[in-house]
Amino acid sequence: MAGKIWVYIDHFKGKPLPASWEAVSAGAKLGEVTALAFGQDAEALAKQAIHYGASDAFFADDAGLADFRGEPYASLISKLAKEHQPEAILFPGSTRGRELAAMAAIDLDSGVLPDVIEIKDEGEKLAAVRPIYAGKLFSKVVCNSKPALLTLRVRAFGKPVVDTGRSGTTTKVEAAIAEKDIATKIAEYKTVEGRVSLGDAAVIVSGGRGTSNNPNLTPPAEITDEKQKEIWRAQQGFKMIGELAGVLSAAVGASRAAVDAGYVPYRHQVGQTGKVVSPDLYIALGISGAIQHLAGMRTSKVIVAVNKDPDAPIFKMSRFGVVGDLYEIVPALTKAFKERLHK
Ligand SMILES: Cc1cc2nc3c(=O)[nH]c(=O)nc-3n(C[C@H](O)[C@H](O)[C@H](O)COP(=O)(O)OP(=O)(O)OC[C@H]3O[C@@H](n4cnc5c(N)ncnc54)[C@H](O)[C@@H]3O)c2cc1C
């Protein structure tokens with residue numbers, strides 16, 4: 001395909017998202033890639049992008065770009081794009097990447113192809129494949145305006161290839177708007193998650209409503225309310241799931257039923273109204289496999305399900321299924337993985 005492919009490098013305080021390198025590698029298969037790195041350690045990120053397959057890079061590290069904010073970042077992308085006319089701009093499908101693609105598309109009077117899992121070079125245009133109807137169908141879409149802006153589903157494009165011997169030009173550019181013209185200010189950051197984040201995780205261990213179903217667990221005497229007893233039981237289940245996740249260096253996910261019932265916070269929810277994930281391994285424990293849950297994890301490479309009900313729909317999606325009680329199976333899995341992985 002003629003023309004340049006640009007790739008936005010998403011990072012937090014200079015720490016790049018692995019999905020950024022997936023996007024660079026995906027772009028490099030289509031043509032010459034120019035990476036865009038803004039903010040803290042932007043020059044180092046630009047150089048790293050070249051190692052992952054970019055031919056060159058623009059970087060900007062003005063004080064106003066130190067923290068991610070949509071307005072200065074999108075305005076710089078659109079200013080550069082108007083000057084250099086790339087064919088397409090790829091963004092990792094992170095929250096920041098999606099926000100930025102939408103804002104830049106408005107500035108550039110172009111369109112966004114979101115949640116892309118495959119890109120096809122069709123000569124004149126790029127065609128993007130994306131899941132629709134909760135992943136039941138795939139649609140092939142093209143963007144009739146230029147540049148086409150695409151957000152790439154995290155972990156859908158395979159492992160990026162790194163070559164630290166690669167070299168390319170990095171060009172420093174200036175912010176497009178002054179601080180006084182930026183409406184938002186970052187007041188503070190709060191860490192809410194100590195563990196591996198769901199979006200980037202190679203392995204996810206998820207629990208559902210089934211975690212509350214262990215009549216052998218007796219809640220402490222001070223818990224008298226039936227709902228609180230249910231939550232307490234489920235939390236013991238999630239502790240057990242956390243141990244398995246720890247052994248596998250995995251993130252902990254949950255179904256919406258588990259989140260709505262108050263077993264775990266919303267940030268763990270996988271599915272149509274939660275996070276969409278594509279890990280190498282997804283272990284579903286006490287999850288029935290409702291279509292809205294499948295929408296968030298059906299592109300996982302290997303799905304393993306543990307469920308008491310042999311007819312649970314999750315088994316239709318699973319490579320490996322265990323019909324049994326998660327309270328028996330999970331400790332056995334944790335023990336076996338500990339031995340195998342020498343942990
Ligand atoms: C608009 C909309 C959006 C939605 N978005 C989402 C979403 O983003 N994510 C999501 O997950 N859901 C979502 N849902 C809800 C979805 O429809 C289901 O209600 C939900 O996924 C069910 O969660 P679950 O599988 O944990 O619970 P259940 O369907 O109740 O299944 C529990 C399973 O646990 C098994 N079980 C019970 N005890 C044990 C045991 N001891 N050991 C092993 N197995 C056991 C049971 O056999 C059962 O299969 C959405 C619904 C709507 C309408």
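Note that the structure is a prediction, hence the values are computed from the model and not measured. Just so you know, ligand 1 is whichever comes first in the structure, and atom 1 is the first atom listed for that ligand.
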Take every heavy atom of N214, measure it against each atom of ligand 1, and state whether any distance is under 4.0 Å. no

Distance from atom 17 (O) of ligand 1 to nearest protein heavy atom, with residue and atom: Q292 OE1, 2.7 Å

Counting from 1 in the order shown, the ligand 1 atoms closer than 4.0 Å to a non-hydrogen atom of D309 are 47 (O)

Is there a heavy atom in I329 that sits closer than 4.0 Å to ligand 1? no

Would F12 and Y189 count as a close aromatic pair, with their ring centres under 6.0 Å? yes

In terms of relative ring orientation, are Y8 and Y73 parallel, tilted or perpendicular, with 30° and 60° separating the classes? perpendicular

Relative to the heavy atoms of Q272, which atoms of ligand 1 are at a distance of less than 4.0 Å? 7 (C), 8 (O)

Polar contact flag for A290 and ligand 1 (N/O pairs, less than 3.5 Å): no

Heavy-atom proximity to atom 47 (O) of ligand 1 ranks first, among T211, V276, L285, N307, for N307

R69 (side chain) donor-acceptor with A183 (main chain) under 3.5 angstrom: no

Write out the residue and atom name of the closest protein heavy atom to atom 44 (N) of ligand 1, then the distance separating them to 0.1 Å. K308 N, 3.2 Å

Given A254, S255, S288, which one has a non-hydrogen atom that is nearest to atom 29 (O) of ligand 1? S288

The atoms of ligand 1 lying under 4.0 Å from a heavy atom of N213, numbered in the order shown, are 37 (C), 38 (N), 39 (C), 41 (N)

If we only consider heavy atoms of G324, is any one of them less than 4.0 Å away from an atom in ligand 1? yes

Report yes if R256 has an N/O atom closer than 3.5 Å to an N/O atom of ligand 1; otherwise report no. yes

Only heavy atoms count here, so choose which of A234, G210, S206 is nearest to atom 37 (C) of ligand 1. G210

Where does the angle between the aromatic ring planes of W6 and H84 fall among parallel (under 30°), tilted (30 to 60°) and perpendicular (over 60°)? tilted

Using side-chain heavy atoms (C-beta onward) and a distance below 4.5 Å, is K120 in contact with L126? no

Within the side chain of D163, is there an N or O that forms a donor-acceptor pair under 3.5 Å with the backbone of G165? yes

Begin with the C-alpha distance, continue with both residues' side-chain angles, and end with the deciding distance and a verdict on side-chain hydrogen bond (donor to acceptor under 3.5 Å, both in side chains) for D56 and T169. CA-CA 5 Å; D56 51 27; T169 318; 5.8 Å; no

Crowding at NZ, K136 (>12 non-hydrogen neighbours, <6.0 Å): no

Ligand 1 N/O within reach of L326 N/O, cut-off under 3.5 Å: yes

Under 4.0 Å between a side-chain nitrogen and a carboxylate oxygen: does that hold for K79 and D107? no

I want to know if ligand 1 touches A312 in the polar sense, i.e. an N/O pair below 3.5 angstrom. no

Can you tell me which residue among L45, V24, D41 is in a side-chain contact (heavy atoms from CB on, under 4.5 Å) with P16? L45

At a 4.0 Å threshold, what atoms of ligand 1 neighbour a non-hydrogen atom of T273? 3 (C), 4 (C), 5 (N), 6 (C), 7 (C), 8 (O)

For K4, which of E83, E32, E87 qualifies under salt bridge (Lys or Arg N to Asp or Glu O under 4.0 Å)? E32

Quick one: which ligand 1 atoms are inside 4.0 Å of a heavy atom on G274? 8 (O)

Distance filter under 4.0 Å to V270 heavy atoms, resulting ligand 1 atoms: 7 (C), 8 (O), 9 (N), 10 (C), 11 (O)

Is any side-chain heavy atom of S255 less than 4.5 Å from a side-chain heavy atom of S206? no

Just to be sure I'm reading this right: ignoring hydrogens, which of G208, G296, G271, G286 gets closest to atom 32 (C) of ligand 1? Compare them by their nearest heavy atoms. G286

Out of M297, E328, R209, Q269, who gets a non-hydrogen atom closest to atom 7 (C) of ligand 1? Q269

For atom 25 (O) of ligand 1, is some protein heavy-atom partner under 4.0 Å away? yes

